[in-house]
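Accompanying notes for the structure given below.
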Amino acid sequence: MQQVKTHIVLVILLSVSFFSLAQDNSNTRLSQDQLIEGEDYVIDTIIDGQAYFKKSIEALQSAELPKVLQDDVLASNIDKKWLEELYSTTLFDTIYRDVSDLKYNAVYYPELTTDTLKARLARLNAKTPFNVEYNPALESVIKSFLKNRHQSFERLMGLSNYYFPMFERELDNQDIPLEMKYLAIVESALKPRARSRVGATGLWQFMFATGKQYGLDVSSYVDERSDPIKSTKAAATYLSRLYKLFGDWDLALAAYNSGPGNVSKAIRRSGGYQNYWNIRQNLPRETAGYVPAFLATMYIFEYAKEHGFVQHRPEFHLIETDTIHVKQMISLDQVSEFTGVEIETLQFLNPAYKLDIIPFIEGKNYTLRLPIEIVGAFVNNEDQLYAHAKAEFEKREKPLPQFFNADTKTRYTVKQGDYLGKIARQYGVRVSQIKQWNGLRSNNLKIGQRLTIYPRNGVAVNKPTASASTKKSTKPINGETYTVQQGDSLWSISQKFTGVSVQNIKDWNDISGTKLKPGMKLIISKG
């Protein structure tokens, strides 16, 4: 038999690979004498000692995913610090420790003399129903806060510009002193998703049973204890009832923290006194520090200018936002894609949705809060938005809450060049889900970092699906460009061109996020 010079690649075929090759009728099995010089072959099978070959098939390269767009370093760091302040619980943890472990030793703080403090407290006492009379313990707490927590209070003052207007409206509706707004700082450091060691949750720290009692719904999708307005209404109702019970706002505060039963016991043990400062030594340790922390916070906010506090401007004031009653289930990710609003901003404005999904349930009025300049565009296009959201939800084989299945979770190690969008596409999940599963407060990753992932259908998506490939190949317009206008979003631009989707625009322009700048040139097709 004539020898043929060939490049024969000997491989050990796994059973799965063997089966797939055996089913491939497009590549005929060849004996050695049928091989063509210069071609590459692999062994297909061996029968009775005789080897049979097939042409070597070059492995398909996985589609190159868009690289992360480079951001301005200074601006990125500013955004990072602000978002960390909005979503971290560090400040809440600090305040919680301070309240539960207050020290009343004298604090050296020469910037505030005792005489000046007495005069200011007297002015506060004259205009509020709370007992703000001077005593050494309160002086110690105020000076400790001023000395050790100046920056924390500045950040809280920035956040208060967003939250306090909604607090004051609800408190006023139920004839609660407006100074009660400072209670939310002591309770949660203005963190809507703050959670205490015993499970109290939200701005006003409701336990599960108490929240239910006051009409706050808690389900797989929603925790209304984290809804700023609904939880404030519930807190105002609860405080109003406590005041009717005790006839004193200081005692109502103490009862809010430890329960009416502990306050009534403290009254008995003190010999019948009904002034907070006279029964304080008989209250639980945390409650004993609760009212002083509240009064110290009130003093610092009321005299912020005198102490040189600089307020951080919030991303939004309440009047710069508005709500929409949802007509169909929709996710914050989808809203972000449609409107161009960052997912972190939507999470800040809509903290009650545990899975970043707004459900639609008969008899419930769930709302979506948006920046006011986005509301009109959303309403004007809501039929298309809901249709797109519905189609996407229907593609899922399981409802989203069932994705949290321990049997399907995997651990992923971050490699060079990884970013959240790339990892999310690999596993068929959303960026917001990865952040939620791993408690991430920003989009930054470190090489070697371990992430918990609950892959869609339990497996990673290692190659593009047929539908994805078809989607990317849609090119309704050849070589056309579009100049981004003020107020444009990826969604609004996609609606101006027949057959063009948001993902098309992102793919053709290597865009991984949703932010656009006026004047930016976008390719509407790669021709």
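Below, all heavy atoms of this structure are taken into account, side chains as well, without hydrogens, waters or symmetry copies.
With contacts defined as side-chain heavy-atom distances shorter than 4.5 Å, the pair Leu332/Leu368 qualifies. In this structure, Val263 and Phe246 have side chains that are in contact, with non-hydrogen atoms separated by less than 4.5 Å. Counting heavy atoms from C-beta on, the side chains of Ile423 and Leu445 come closer than 4.5 Å.
Arg450 and Thr413 form a side-chain donor-acceptor contact under 3.5 Å, judged by distance and modelled atom types alone. Inspection of the Arg225 and Ser231 side chains reveals no N or O donor paired with an N or O acceptor under 3.5 Å. Using modelled atom types, one finds a donor on one side chain and an acceptor on the other under 3.5 Å when comparing Glu139 with Thr114. Side-chain contact of Ser270 with Asn282: a donor-acceptor pair under 3.5 Å is absent, judged by distance alone.
Remark: the backbone N or O of Pro110 is not paired with any side-chain donor or acceptor of Lys143 at under 3.5 angstrom. Judged purely by atom type and a 3.5 angstrom limit, Gln174 has no side-chain atom pairing as donor or acceptor with the backbone of Leu171. Without hydrogens or angle criteria, Thr201 side chain to Gly199 main chain gives a donor-acceptor distance under 3.5 Å. Using a distance-only test at 3.5 Å, with no hydrogens or angles considered, a donor-acceptor pair links the side chain of Asp248 to the main chain of Leu251. Between the side chain of Thr287 and the backbone N or O of Tyr290, no donor-acceptor pair lies under 3.5 Å. Side chain of Ser258 to main chain of Asn262: no donor-acceptor pair is present (N/O by atom type, distance under 3.5 Å, no hydrogens or angles). At least one donor-acceptor pair under 3.5 Å links the side chain of Thr297 to the backbone N or O of Ala293.
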Next on the checklist: The test is side chain to side chain donor-acceptor pair (under 3.5 Å); show your working for Thr113 and Thr116 and say whether it passes.
Outcome noted: CA-CA 5 Å; Thr113 66; Thr116 300; 2.8 Å; yes

Next on the checklist: Before you tell me yes or no, could you show the steps for Ile434 and Leu420 under side chain to side chain contact (heavy atoms under 4.5 Å, CB included), namely the whole-Å CA-CA distance, both residues' side-chain angles and the distance that decides it to 0.1 Å?
Outcome noted: CA-CA 8 Å; Ile434 298 178; Leu420 284 176; 3.8 Å; yes

Item to check | Step-by-step side chain to side chain donor-acceptor pair (under 3.5 Å) determination, Tyr182 to Glu302 | outcome: CA-CA 10 Å; Tyr182 300 122; Glu302 295 291 333; 2.7 Å; yes

Next on the checklist: Applying side chain to side chain donor-acceptor pair (under 3.5 Å) to Tyr353 and Asp223, what does each step give before you reach the verdict?
Outcome noted: CA-CA 6 Å; Tyr353 301 114; Asp223 190 339; over 6 Å; no

Item to check | Step-by-step side chain to side chain contact (heavy atoms under 4.5 Å, CB included) determination, Ile142 to Leu121 | outcome: CA-CA 11 Å; Ile142 290 173; Leu121 291 178; 4.2 Å; yes

Checklist entry - What's the verdict on side chain to side chain contact (heavy atoms under 4.5 Å, CB included) for Asp322 and Leu370, showing C-alpha distance, side-chain angles and the deciding distance? => result CA-CA 6 Å; Asp322 201 0; Leu370 291 170; over 6 Å; no

Next on the checklist: For a side chain to side chain contact (heavy atoms under 4.5 Å, CB included) check, start with the C-alpha distance between Met157 and Asn161, then their side-chain angles and the critical distance, and finish with the verdict.
Outcome noted: CA-CA 7 Å; Met157 288 171 187; Asn161 288 324; over 6 Å; no

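Ser188 approaches Leu203 most closely through the heavy-atom pair OG-O, 2.8 Å. Ala288 approaches Tyr276 most closely through the heavy-atom pair O-OH, 2.7 Å. Counting all heavy atoms, side chain and backbone alike, Pro129 lies closest to Trp249 at CB-CD1, 3.7 Å. Taking both residues in full, the closest heavy atoms of Gly340 and Ser489 are given as N-CB, 4.1 Å, listed atom of the first, atom of the second, then distance. Of all heavy-atom pairs between Ala254 and Leu283, the closest is CB-CD1, 4.4 Å. Closest heavy-atom contact between Ile343 and Ser336: N-OG, 3.7 Å.
Ring planes of Phe206 and Tyr214: tilted class, angle from 30 to 60°. Taking the six-membered ring where the residue is Trp, Phe338 and His388 present perpendicular rings, their angle passing 60° and hence far from 30°.
Taking the six-membered ring for Trp and the full ring otherwise, Tyr256 and Tyr238 have centroids separated by under 6.0 Å. Annotation: Tyr303 is in aromatic contact with Tyr299 [ring centroid separation under 6.0 Å]. With ring centers used as reference points, Trp204 lies under 6.0 Å from Phe167. Under the 6.0 Å cut-off for aromatic ring centres, Phe301 and Phe164 qualify, their centroids lying closer than that. Ring centers of His317 and Tyr162: at least 6.0 Å apart, outside the cut-off.
Rounded to the nearest 0.5 angstrom, Phe145 CZ and Ser140 OG are separated by 9.5 Å. Summarising the geometry, atom CG belonging to Leu242 is positioned 11.0 Å from atom CG belonging to Asn257; distances are rounded to the nearest 0.5 Å. Within the model, atoms CG of Leu318 and CZ of Arg169 stand 6.0 Å from one another, a figure rounded to the nearest 0.5 Å. With rounding to the nearest 0.5 angstrom, the CG atom of Leu216 is 11.0 Å from the NZ atom of Lys233.
Residue Tyr366 forms a side chain to side chain contact (heavy atoms under 4.5 Å, CB included) with just one option from Asn350, Ile330, Val326, and that option is Val326.
Asp217 has a carboxylate O that lies under 4.0 Å from a charged side-chain N of Lys212, or vice versa, which qualifies the two as a salt bridge. Between Glu344 and Lys435 there is a salt bridge, since at least one side-chain N of the basic residue sits less than 4.0 Å from a carboxylate O of the acidic one.
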